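In what follows, a structure is listed as structure tokens, so that the remarks can point back to it.
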Amino acid sequence: MFFKLMVQQLSSSNLHQFSETLCKEFHEHVEHLGKEGTEDLSDLVRHIMCPAVMKTLFGKSFCPINEEFERHFQNYDEGFEVGSQMPEFFLRNWAKSKTWLLNVFEKIATDIKKDKSSESGSKTLIQHVLDNLHGNGASGYLLLLFWASQINAVSGAFWTLAFILSNPSVYKNIMEDIGSVYGKAGEAKIEVVDDDLKKLPLIKQCILEALRLAAPGSVIRKALKPLKVQNFVIPPGDFLMASPYWLHRNPKYFPEPEIFKPDRWEEAALKKNAFLDGYLVFGGGKHRCPGRWFALMETHMLVIILLYKYQFTLLDPMPKQSLLQLSRVCQPDGPCRVRYKRRE
Ligand code: HEM
């Protein structure tokens with residue numbers, strides 16, 4: 001039920017219901033950067049994306065993101081893979097943060113159910129989830145959705161910006177494209193609508209290419225019945241694993257796989273929502289990521305707004321990808337500071 005609802009609500013034809021709010025939220029949180037400064041690019045992206053996406057999906061009044069929330073969420077995220085496999089007894093800190101977060105989401109669920117203001121207007125994604133989930137356990141779904149909607153998208157936006165800024169010719173071409181759609185870049189609160197995204201395909205190519213290189217190490221499935229693969233039979237209960245990270249480094253599908261080459265995506269029918277063969281960053285089959293169109297839209301929008309409003313310079317070399325967590329987009333393995341200055 002939860003998965004089906006996500007697929008319906010986050011389908012590409014439904015995205016228009018989020019875009020106006022998301023654009024406003026991005027502008028509001030980008031304002032906090034001020035006139036100029038230096039910050040780690042990962043933190044910069046997270047501080048804008050997390051509250052903006054939370055307010056878009058959960059509703060404006062339900063955004064508990066503060067330092068305490070961030071601390072517990074970071075703990076929860078760091079232990080996520082081990083935590084879902086081991087008894088919580090061995091991971092006291094992780095279990096403490098998980099309980100703390102579940103209590104927050106339980107309260108959000110109760111408040112949203114009490115809040116009648118949406119009855120006259122349009123519902124948020126979470127209101128749809130809560131209307132369809134009966135009984136207890138809503139907080140678990142809300143936490144899972146919050147985790148799934150944040151961690152990969154934040155890392156994906158980080159790598160996209162880092163690759164653009166470290167490739168001067170790509171950065172220059174993107175700024176020319178942005179200029180041709182919105183006029184000379186500056187501090188205006190540009191309204192980014194769905195049609196604009198289609199006019200800026202190079203940014204989408206950069207997002208897909210950055211995600212190709214930073215893709216998760218594994219996507220896992222459990223065999224429910226005996227499964228024949230070539231000469232082998234996989235017994236029920238066994239796990240099968242595919243690695244997007246390594247598949248994306250196979251030169252048969254992606255020539256010169258280690259190089260950031262956004263133009264390889266010119267061959268893909270992106271307007272028809274098709275990816276290149278062998279692209280598995282969102283998983284595969286019936287259970288692939290239901291948030292993929294939302295993720296591409298939010299990253300596209302954020303990159304446009306940030307690059308339109310600010311001039312960025314990378315202060316550190318491109319970090320390597322950390323391979324510590326297998327089931328998520330890689331995180332940077334070191335700092336990556338940027339200097340930013342608001343355009344006049
Ligand atoms: C760049 C961003 C993202 C990437 C790379 C990504 C990738 C993935 C992958 C690899 C899976 C597992 C799929 C499989 O097993 O085949 C997944 C699952 C999921 N994703 Fe995403 N995701 C992203 C953003 C999002 C966003 C923004 C949302 C929600 C708004 C979302 C919601 C979900 C949910 C709910 C699941 C679990 C589906 C299930 O129950 O099986 N994702 N994602």
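Counting starts at 1 for both ligands and their atoms, in listed order. Quick caveat: nothing in here was measured; it's all calculated off a predicted structure.
For the ligand labelled ligand 1, residue Gly156 lies outside the 4.0 Å heavy-atom shell. The shortest separation from a heavy atom of Glu298 to ligand 1 is under 4.0 Å, placing the residue in contact.
Classified by interplanar angle (parallel below 30°, tilted 30° to 60°, perpendicular above 60°), the ring pair Phe58/Phe146 is perpendicular. Under the 30°/60° scheme for interplanar angles, the aromatic rings of Phe312 and Tyr340 are found to be tilted. Below 30°, between 30° and 60°, or above 60°: for His29 and His32 the angle between ring planes is above 60°, a perpendicular geometry. The aromatic rings of Phe163 and Trp159 sit tilted, their planes meeting at an angle between 30° and 60°.
Aromatic pair Phe260/Trp265: centroids not less than 6.0 angstrom apart.
One finds no salt bridge joining Lys24 and Glu28 here, because no Lys/Arg side-chain nitrogen approaches an Asp/Glu carboxylate oxygen to under 4.0 Å. Using a 4.0 Å cut-off between a side-chain N of Lys or Arg and a carboxylate O of Asp or Glu, Lys107 and Asp111 qualify as a salt bridge.
Nearest to atom 25 (C) of ligand 1 among the protein's heavy atoms is Ala148 O, 3.4 Å. Protein heavy atom at the shortest distance from atom 17 (C) of ligand 1 is Cys289 CB, 3.5 Å.
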For His128 and Gln8, what are the C-alpha separation, side-chain angles and deciding distance, and is it a side-chain hydrogen bond (donor to acceptor under 3.5 Å, both in side chains)? CA-CA 11 Å; His128 284 287; Gln8 266 168 15; over 6 Å; no

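Residue contacts with ligand 1, taken as heavy atom pairs separated by less than 4.0 Å, involve Val329 solely via side-chain atoms from C-beta onward. Counting heavy atoms under 4.0 Å from ligand 1, residue Val219 touches it through the side chain alone. In Phe282, the parts holding a heavy atom less than 4.0 Å from any atom of ligand 1 are both the side chain and the backbone.
With atom 6 (C) of ligand 1 as the reference point, the heavy atom nearest to it among Asn152, Ile151, Leu10, Leu125 is part of Asn152. Distances from atom 2 (C) of ligand 1 to the heavy atoms of Ala295, Ser327, Gly291 show the closest one on Ala295. When the heavy atoms of Gly284, Ala157, Ser149, Pro290 are ranked by distance to atom 35 (C) of ligand 1, first place goes to Pro290. Nearest to atom 13 (C) of ligand 1 by heavy atom, out of Arg328, Lys286, His287, Met297, is His287.
Listed by atom number, the atoms of ligand 1 under 4.0 Å from Val281 heavy atoms are 5 (C), 7 (C), 10 (C). The distance from ligand 1 to the heavy atoms of Phe3 drops below 4.0 Å at these ligand atoms: 38 (C), 39 (C), 40 (O), 41 (O).
Among the atoms of Arg292, none of the N or O lies under 3.5 angstrom from an N or O of ligand 1. Residue contacts with ligand 1: Arg221 is placed with a nitrogen or oxygen under 3.5 Å of a nitrogen or oxygen of the ligand (distance criterion only).
With Phe80 as the aromatic partner, Arg328 does not meet the cation-pi criteria of under 6.0 angstrom to the ring centre and within 45 degrees of the ring axis.
Leu314 and Ser166 get closest at one heavy-atom pair: CD1-CB, 3.7 Å.
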